[in-house]
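Chain letters run A, B, ... following the sequence lines, proteins first and then strands; every chain starts at 1. Treat the numbers as computed from the prediction; the structure is a model and nothing was measured.
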Amino acid sequence: MILPRKFYERDPAIVAKEILGSILVKRDQSILKGKIVETEAYYGLSDPASRAFKGKRDYNKWMWGEAGTLFIYMVHGNWLLNIITEKKDIPSGILIRAVEPIDGIEEMKKRRGVNTKNLTSGPGKLTKAFDITKRHNGTKVYTPASEIFIEKGKMHGEIKTSPRIGVKEDLPHHLRFFIKGNPFVSRQ
DNA sequence: AGGAAGATCTACT
DNA sequence: GTAGATCTTCCTA
């Protein structure tokens with residue numbers, strides 16, 4: 001089952017938490033699959049760490065788009081994968097920070113050249129392993145017709161929260177969510 | 001042209 | 001665990 005568009009049309013902190021355990025799928029040479037184990041929520045104009053904070057630009061216009069579409073941008077030479085949340089014209093989203101590789105591990109290894117443990121344990125690592133770049137901006141993840149979509153999965157274990165990682169000016173509450181003890185989480 | 005940025009890799013204490 | 005070099009776009013001038 002694929003998570004419906006409605007699932008994303010909510011507060012990003014709720015979506016970030018509830019999407020843990022779901023499966024990121026990409027149609028490639030083979031099928032690539034990874035379980036989402038770490039996320040962060042980002043708001044719009046009220047969030048200094050958000051890419052939407054300084055207003056609409058050509059590169060970030062996707063944040064004003066429909067819930068359940070992709071927004072990808074570059075930081076320090078890494079593409080970072082975000083899914084847009086809330087209704088159209090309300091900029092917000094969640095950052096996928098880490099996944100646990102399930103299918104297509106050999107193809108991921110070819111791209112990354114490292115062992116399984118380090119394949120997708122960080123936001124820039126997973127986009128390289130899955131070969132996701134800005135050309136995927138605007139992809140709808142709630143339909144199996146897309147190259148990239150997200151399947152509902154089983155959440156097991158305990159969810160932990162923390163402040164966001166690497167953010168200069170964070171908001172006072174915890175907006176990072178991860179599965180406690182999962183070896184693919186970038187930092188416990 | 002120069003610098004910052006939601007990170008990663010390597011090499012250490 | 002932390003420190004420093006380096007990664008590639010976009011912002012500001």
Side-chain angles (χ1 to χ4, degrees), chain A residues 8 11-17 19-20 24 34 36-65 67-86 90-101 105 108-139 141 148 150 159-188:
Chain A
Y8 303 98
D11 186 283
I14 296 172
V15 178
K17 186 178 175 187
I19 206 169
L20 290 173
L24 175 69
I36 297 170
V37 298
E38 180 181 353
T39 59
E40 281 176 5
Y42 285 85
Y43 292 91
L45 291 336
S46 60
D47 182 356
S50 170
R51 286 286 128 137
F53 183 61
K54 289 180 179 165
K56 203 172 188 173
R57 300 280 143 74
D58 193 54
Y59 84 100
N60 68 9
K61 62 187 177 193
W62 311 99
M63 284 198 76
W64 281 260
T69 59
L70 294 183
F71 168 45
I72 294 129
Y73 63 92
M74 169 70 65
V75 179
H76 293 67
N78 305 286
W79 293 110
L80 269 53
L81 174 65
N82 297 257
I83 304 172
I84 299 310
T85 56
E86 298 194 272
I90 301 178
S92 70
I94 63 168
L95 168 66
I96 308 296
R97 285 194 53 91
V99 303
E100 175 180 335
I105 294 178
M108 296 184 203
K109 275 189 176 160
K110 240 181 269 174
R111 288 187 181 130
R112 294 268 302 130
V114 297
N115 57 16
T116 307
K117 189 181 179 308
N118 284 302
L119 221 41
T120 56
S121 55
K125 298 178 185 176
L126 90 247
T127 52
K128 196 171 284 177
F130 276 72
D131 186 28
I132 293 172
T133 70
K134 67 172 182 183
R135 75 179 133 73
H136 295 105
N137 264 323
T139 300
V141 296
I148 300 166
I150 295 184
I159 294 176
K160 282 200 72 174
T161 68
S162 83
R164 294 178 293 190
I165 290 181
V167 175
K168 264 189 168 173
E169 280 185 85
D170 204 357
L171 296 172
H173 28 267
H174 287 181
L175 290 173
R176 173 172 173 255
F177 304 88
F178 60 97
I179 300 177
K180 184 183 173 185
N182 186 289
F184 295 93
V185 169
S186 65
R187 298 149 66 159
Q188 302 287 330

Heavy-atom side-chain contact between A:Thr127 and A:His136 under 4.5 Å = no

Value for CD (A:Glu100) from OG1 (A:Thr120), rounded to nearest 0.5 Å, stands at 8.0 Å

So do the side chains of A:Phe178 and A:Ser186 get within less than 4.5 Å of each other, counting heavy atoms only?
-> no

Can A:Arg164 and A:Asp47 be counted as an ion pair, charged N to O under 4.0 angstrom?
-> yes

Residues in side-chain hydrogen bond (donor to acceptor under 3.5 Å, both in side chains) with A:Tyr42, at least two apart?
-> A:Glu40

What are the two closest non-hydrogen atoms of A:Trp62 and A:Leu70, and how far apart are they?
-> CB-O, 4.1 Å

Atom pair distance, as rounded to whole Å: CG in A:Asn118 and P in B:dA7 | 16 Å

Are the side chain of A:Asn60 and the backbone N or O of A:Gly55 linked by a donor-acceptor pair below 3.5 Å?
-> yes

State the dot-bracket string of DNA chain B. Criteria: Watson-Crick or G-U wobble, both atom distances under 3.5 angstrom; notation: ( ) intrastrand, [ ] crossing earlier pairs, | interstrand, . unpaired.
-> |||||.||||||.

What pair of heavy atoms forms the shortest contact from A:Tyr43 to A:Ala13, and how long is it?
-> OH-CB, 3.7 Å

Residues of residues 41-49 of chain A with a heavy atom under 4.0 Å from any atom of DNA chain C, listed by number, are none

Between A:Leu119 (CG) and B:dT8 (P), how many Å, whole number?
-> 13 Å

What are the two closest heavy atoms between A:Pro123 and A:Leu95, and how far apart are they?
-> CB-CD1, 4.5 Å

Side-chain donor-acceptor pair present, A:Ser121, A:Lys117, cut-off under 3.5 Å = no

A:Val185 side chain reached by A:Arg176 side chain, heavy atoms, under 4.5 Å = yes

Give me the distances for all protein-to-nucleotides 3-5 of chain B N/O pairs that come in under 3.5 Å?
from  : atom 1 : to       : atom 2 : distance (Å)
B:dA5 : OP1    : A:Lys168 : NZ     : 3.1
B:dA5 : OP2    : A:Lys168 : NZ     : 2.4
B:dA5 : O3'    : A:Arg51  : NH2    : 2.6

Kindly write out the residues that satisfy side-chain contact (heavy atoms from CB on, under 4.5 Å) with A:Thr85, not counting sequence neighbours, or none if the list is empty.
-> A:Pro12, A:Val15, A:Ser92, A:Ile94

Please list, chain by chain and in numerical order, all residues satisfying side-chain hydrogen bond (donor to acceptor under 3.5 Å, both in side chains) with A:Arg112, sequence neighbours excluded.
-> none

If you walk 5' to 3' along DNA chain C, what is the first nucleotide with an atom under 4.0 Å of a heavy atom in chain A, and what is the last?
-> C:dC7 to C:dC11

For DNA chain B, find the residues of residues 124-138 of chain A with a heavy-atom distance under 4.0 Å and give them by number; none if there aren't any.
-> A:Gly124, A:Lys125

Give a yes or no on whether the backbone of A:Asn182 and the side-chain of A:Gln188 come within a donor-acceptor separation of less than 3.5 Å.
-> yes

With no hydrogens and no angle check, is any side-chain donor or acceptor of A:Asn115 less than 3.5 Å from a backbone partner on A:Asn118?
-> yes

Looking at A:Arg112, does any N or O in its side chain come under 4.0 Å of the phosphate oxygens OP1/OP2 on B:dT8?
-> no

Begin from the C-alpha positions of A:Ser162 and A:Arg187 and carry the test side-chain contact (heavy atoms from CB on, under 4.5 Å) through to its verdict.
-> CA-CA 10 Å; A:Ser162 83; A:Arg187 298 149 66 159; over 6 Å; no

Hey, are the side chains of A:Ile148 and A:Phe130 touching, using non-hydrogen atoms and a 4.5 Å cut-off?
-> no

Please figure out whether A:Leu80 or A:Val114 has its closest DNA chain B nucleotide nearer the 5' end.
-> A:Leu80

Listed partners of A:His76 passing side-chain hydrogen bond (donor to acceptor under 3.5 Å, both in side chains), at least two apart = none

A:Tyr73 meets the ring-ring contact (aromatic ring centres under 6.0 Å, His included) criterion, sequence neighbours left out, with A:Phe71

Do any of residues 54-64 of chain A sit with a heavy atom less than 4.0 Å from DNA chain C, and if so which?
-> A:Arg57, A:Tyr59

For DNA chain C, what residues of residues 177-188 of chain A have any heavy atom nearer than 4.0 Å?
-> none

A:Arg111 side chain vs A:Ala129 backbone, donor-acceptor pair below 3.5 Å | yes

